[in-house]
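Take a look at the structure set out below.
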Amino acid sequence: MNYQLKNGKTVTIRKPALEDARQIIEVIAQADTETPFLARNPGEFQTTAEQEKVVIERILQSQTSTWFLAEIENRIVGQCSVGLVRGYQRYQHRAEVAFLLLKDYCNMGIGGKLMLECLNWCKEHHILQVELDVVTTNERAISMYRGFGFEVVGTLPRALRYLDGSFADEYFMVKML
């Protein structure tokens, strides 16, 4: 799906293809160095292109999750995943989302377009509750999530521990569909 952004450029939100593997790895590695809000430290993501292709194949065949890439001018600049929290029947009304966006592409509306695609997938799969975790100081992301109707329902103290020994808390946010 193509969307017009605030700056006049077009972003394409699409599913990954096998030939995206190397670029996806590069984007993840770059994002890990740009923000303290992701789950990994820089350098911890150690996946080969062949391993990433297996992940892509698995997600493309999945009935319980999916993955979207954000592409501008043939460059992947972000991604999001959405899928069932657990496979058990009692959990099949719940899905979780996770986002990653390169720093230079923030504040353009890309995150919102990725969120739209995730929420559409949830509606198509009869999901009733969408969930996410976000570092409590990630004000830009929290603002976007609230704009989509997510509410903070809890806080996990010391959810992340950084290399310098400091910690970050995370909010648990939920949106009812």
In chain order, what residues pass the side chain to side chain contact (heavy atoms under 4.5 Å, CB included) check against [X], with sequence neighbours excluded?
X: N2; value: T10, T12
X: D164; value: Y162, S166
X: L60; value: K15, P16, I56

Does [X] belong to the same Ile/Leu/Val/Met/Phe/Trp/Tyr cluster as [Y], with side-chain heavy atoms less than 4.5 Å apart forming each link?
X: L100; Y: L160; value: no
X: V11; Y: L116; value: yes
X: Y91; Y: L84; value: no
X: L18; Y: F68; value: yes

Going from [atom1] on [X] to [atom2] on [Y], what distance comes out if it is rounded to the nearest 0.5 angstrom?
X: K6; Y: Q4; atom1: NZ; atom2: CD; answer: 13.0 Å
X: C118; Y: F99; atom1: SG; atom2: CZ; answer: 4.5 Å
X: Q79; Y: D20; atom1: CD; atom2: CG; answer: 10.5 Å
X: C122; Y: I127; atom1: SG; atom2: CD1; answer: 5.5 Å
X: S65; Y: E96; atom1: OG; atom2: CD; answer: 10.0 Å
X: K9; Y: L5; atom1: NZ; atom2: CG; answer: 9.0 Å

**Message:** So does V134 get a backbone contact from the side chain of N138, meaning a donor-acceptor N/O pair under 3.5 Å?
**Reply:**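 Not confirmed, N138 side chain does not pair with V134 backbone.
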Summary of salt bridge (charged side-chain N to carboxylate O under 4.0 Å, His left out) pairs that have at least one residue in [range], sequence neighbours excluded:
range: residues 115-127; value: none
range: residues 130-139; value: R94-E131
range: residues 44-65; value: E50-K53

How close do [X] and [Y] get, counting heavy atoms only, and between which atoms?
X: M144; Y: G111; value: SD-C, 3.4 Å
X: A21; Y: A49; value: CB-O, 3.6 Å
X: L101; Y: V77; value: CD1-O, 3.4 Å
X: C106; Y: R140; value: SG-NH2, 3.6 Å
X: G87; Y: Q92; value: O-NE2, 2.8 Å

**Message:** Would you say CZ of F45 has more than 12 non-hydrogen atoms from neighbouring residues, nucleotides or ligands within 6.0 angstrom?
**Reply:**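 Yes.
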**Asked** For atom OH of Y88, is the number of surrounding heavy atoms from other residues, nucleotides or ligands below 6.0 Å larger than 12?
**Response**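 Counting neighbours around OH of Y88, 12 or fewer heavy atoms of other residues, nucleotides or ligands fall under 6.0 Å, so no.
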**Item:** ILVMFWY cluster membership beyond V54 - transitive side-chain contacts under 4.5 angstrom
**Value:**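 Other cluster members: none.
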Determine whether [X] and [Y] make a side-chain contact, defined as any pair of heavy atoms from C-beta on separated by less than 4.5 Å.
X: I142; Y: F150; result: no
X: S81; Y: V97; result: no
X: I76; Y: R14; result: yes
X: I13; Y: L69; result: no
X: T137; Y: V135; result: yes

Let me check something: any side-chain donor-acceptor pairs from residues 168-177 under 3.5 Å, sequence neighbours excluded? List them with distances.
{"from": "D169", "atom 1": "OD1", "to": "R158", "atom 2": "N", "distance (Å)": "2.7"}
{"from": "K175", "atom 1": "NZ", "to": "F148", "atom 2": "O", "distance (Å)": "2.7"}

**Request:** Check ring pair (Phe, Tyr, Trp, His ring centres under 6.0 Å) between W67 and all other residues, then give those that pass, not counting sequence neighbours.
**Result:**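 None.
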**Item:** Residue pairs involving residues 143-154 (criterion side chain to side chain donor-acceptor pair (under 3.5 Å); sequence neighbours excluded)
**Value:**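 Of all non-adjacent pairs touching residues 143-154, none passes side chain to side chain donor-acceptor pair (under 3.5 Å).
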**Message:** Quick test of your reading: applying ring pair (Phe, Tyr, Trp, His ring centres under 6.0 Å), list the pairs with at least one residue in residues 107-139, sequence neighbours left out, ordered by first then second residue.
**Reply:**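 Pairs touching residues 107-139 that pass the test: W121-H125.
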**Message:** Walk me through whether L119 and V82 qualify under side chain to side chain contact (heavy atoms under 4.5 Å, CB included).
**Reply:** CA-CA 9 Å; L119 293 176; V82 58; over 6 Å; no
Got a list of side-chain donor-acceptor pairs under 3.5 Å for residues 24-41, not counting sequence neighbours?
{"from": "Q30", "atom 1": "OE1", "to": "R75", "atom 2": "NH2", "distance (Å)": "3.1"}
{"from": "Q30", "atom 1": "NE2", "to": "E34", "atom 2": "OE2", "distance (Å)": "2.8"}
{"from": "D32", "atom 1": "OD1", "to": "R40", "atom 2": "NE", "distance (Å)": "3.4"}
{"from": "D32", "atom 1": "OD1", "to": "R40", "atom 2": "NH2", "distance (Å)": "2.9"}
{"from": "D32", "atom 1": "OD2", "to": "R40", "atom 2": "NE", "distance (Å)": "2.9"}
{"from": "T33", "atom 1": "OG1", "to": "Q30", "atom 2": "O", "distance (Å)": "2.6"}
{"from": "E34", "atom 1": "OE1", "to": "K103", "atom 2": "N", "distance (Å)": "2.7"}
{"from": "T35", "atom 1": "OG1", "to": "F37", "atom 2": "N", "distance (Å)": "3.1"}

